[in-house]
Amino acid sequence: MEFTIGLESPFSLEYTLESGQVFRWQNRGEWWYGVVSGGALKIKQEGDSLKCVTGSDSLDGAFVRSYFKLDVELEKVLSSIMKDETITLAVQTFYGLRLIRQERWECLASFVLATNSNIPRIKKMVQAVSARFGEPLQFEGIEYRAFPKPEILSEAPLSDLRACGLGYRAPFLKHVAASVEEGTVDFSELSLLDYEEARGTLVKGLLGEKLLPGVGPKVADCVLLYSFDKDEAFPIDVWIAREVVRSYPTLLDSSLRTKLAPEKRVKIGRRDYDRISSAVRSYFGPYAGYAQQYLFMMARSARS
DNA sequence: GTCCAACCTGTATC
DNA sequence: AGATACAGGTTGG
């Protein structure tokens with residue numbers, strides 16, 4: 001199936017797919033190839049239109065619009081977060097970057113794997129898990145693999161998961177898969193909660209019992225921002241922490257400022273995380289997550 | 001409640 | 001070559 005989508009609001013496919021939200025897209029020539037929601041999809045942007053080719057009937061225009069959240073009026077979102085020169089420059093530099101509405105299970109699993117790692121490595125891990133355990137599918141004569149369902153990974157031998165290069169994350173992934181499969185973590189219930197409650201539930205469980213090992217505040221924020229439409233979520237990794245300390249020192253109180261001084265290794269504890277999080281969320285407002293994504297791109301592009 | 005080392009492993013750097 | 005540091009954190013002491 002082949003179709004074209006007309007864009008009515010700013011969009012950059014490249015920035016969006018390279019912004020570290022998603023790990024299963026790759027650029028080949030003019031096209032981006034991805035496996036989404038159990039089907040293969042390739043996309044090319046030509047100005048204000050999006051050419052799409054897919055092997056799966058469910059990946060239609062409505063799906064693509066929803067996946068990239070093309071209904072979001074990006075200009076309004078961006079003008080609401082452009083509160084100073086730093087974020088304004090970031091927005092101008094990566095104009096058109098959008099948040100993606102990912103599939104929840106895959107998003108959760110991906111970010112459990114993402115801890116203490118980097119983007120190329122995360123892509124390798126997600127790819128290895130898909131290749132080993134995912135359902136095969138054909139597209140343009142090439143075989144792809146869907147991201148494996150929870151029940152597959154919960155029953156996978158730990159040694160097989162470790163063989164995918166997951167390291168200490170292997171038992172976390174298996175356990176999280178089991179919780180999702182059993183329904184002890186219920187995505188549709190979670191989506192009804194507000195941001196704070198949902199984050200607490202992901203990290204600590206509804207009754208305060210830990211049921212998602214490998215899910216701390218950073219992973220929870222990623223999952224909520226990228227797959228639950230919680231636009232105020234502001235995931236804080238080392239890049240963002242450095243950027244906040246560098247460009248927004250006044251948002252932090254003096255003790256935190258000293259502790260995270262630019263020269264020092266940034267290693268933030270739970271308490272620091274919560275303090276930075278509430279500071280930036282009250283500064284940027286309900287679309288703080290967009291600010292995070294633009295600042296993240298800026299921080300990474302500035303690395304040497 | 002807060003701090004800290006340990007955790008798998010791939011890659012970069014010396 | 002072999003060692004070391006570090007990577008989009010989290011856990012358990």
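A/R28 forms a cation-pi arrangement with A/Y33, by the criterion of a distance under 6.0 Å to the ring centre and an angle within 45° of the ring axis.
In this structure, CZ on A/F63 lies 13.0 Å from CG on A/D57, to the nearest 0.5 angstrom. Note that CH2 of A/W25 and OG1 of A/T16 are 11.0 Å apart. Values are rounded to the nearest 0.5 Å. Expressed to the nearest 0.5 Å, how far OG1 of A/T88 lies from CE of A/M82 amounts to 4.0 Å.
Separation of the C1' atoms belonging to C/dC6 and B/dC8 is 14 Å when rounded to the nearest angstrom.
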Could you list all N or O pairs between the protein and nucleotides 1-7 of chain B that sit under 3.5 Å apart?
from	atom 1	to	atom 2	distance (Å)
B/dT2	OP1	A/R271	NE	2.8

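Using a 4.0 Å cut-off between charged nitrogen and carboxylate oxygen, A/K42 and A/E140 count as a salt-bridge pair. Taking the charged nitrogens against the carboxylate oxygens, A/R199 and A/D274 do have a contact shorter than 4.0 Å, which makes a salt bridge.
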Applying the Watson-Crick and G-U criteria (both distances under 3.5 angstrom) with [ ] for crossing and | for other-strand pairs, one obtains for DNA chain C .||||||.|||||
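Looking at heavy-atom distances under 4.0 Å, A/I240 makes no contact with the nucleic acid at all. Nucleic acid contact class of A/P213 (heavy atoms, under 4.0 Å, all strands): sugar-phosphate only. Note on A/S110: nothing from the nucleic acid sits closer than 4.0 angstrom, heavy atoms only.
Side-chain nitrogen and oxygen atoms of A/R242 include at least one within less than 4.0 Å of the OP1 or OP2 phosphate oxygen of C/dA7. Contact between the side-chain N/O atoms of A/K124 and the OP1/OP2 oxygens of B/dG10 is not found at any separation under 4.0 Å.
For A/Y248 and A/F284, the ring centers are positioned less than 6.0 Å apart. Ring centroid separation for the pair A/Y15 and A/Y294 does not come in under the 6.0 Å cut-off.
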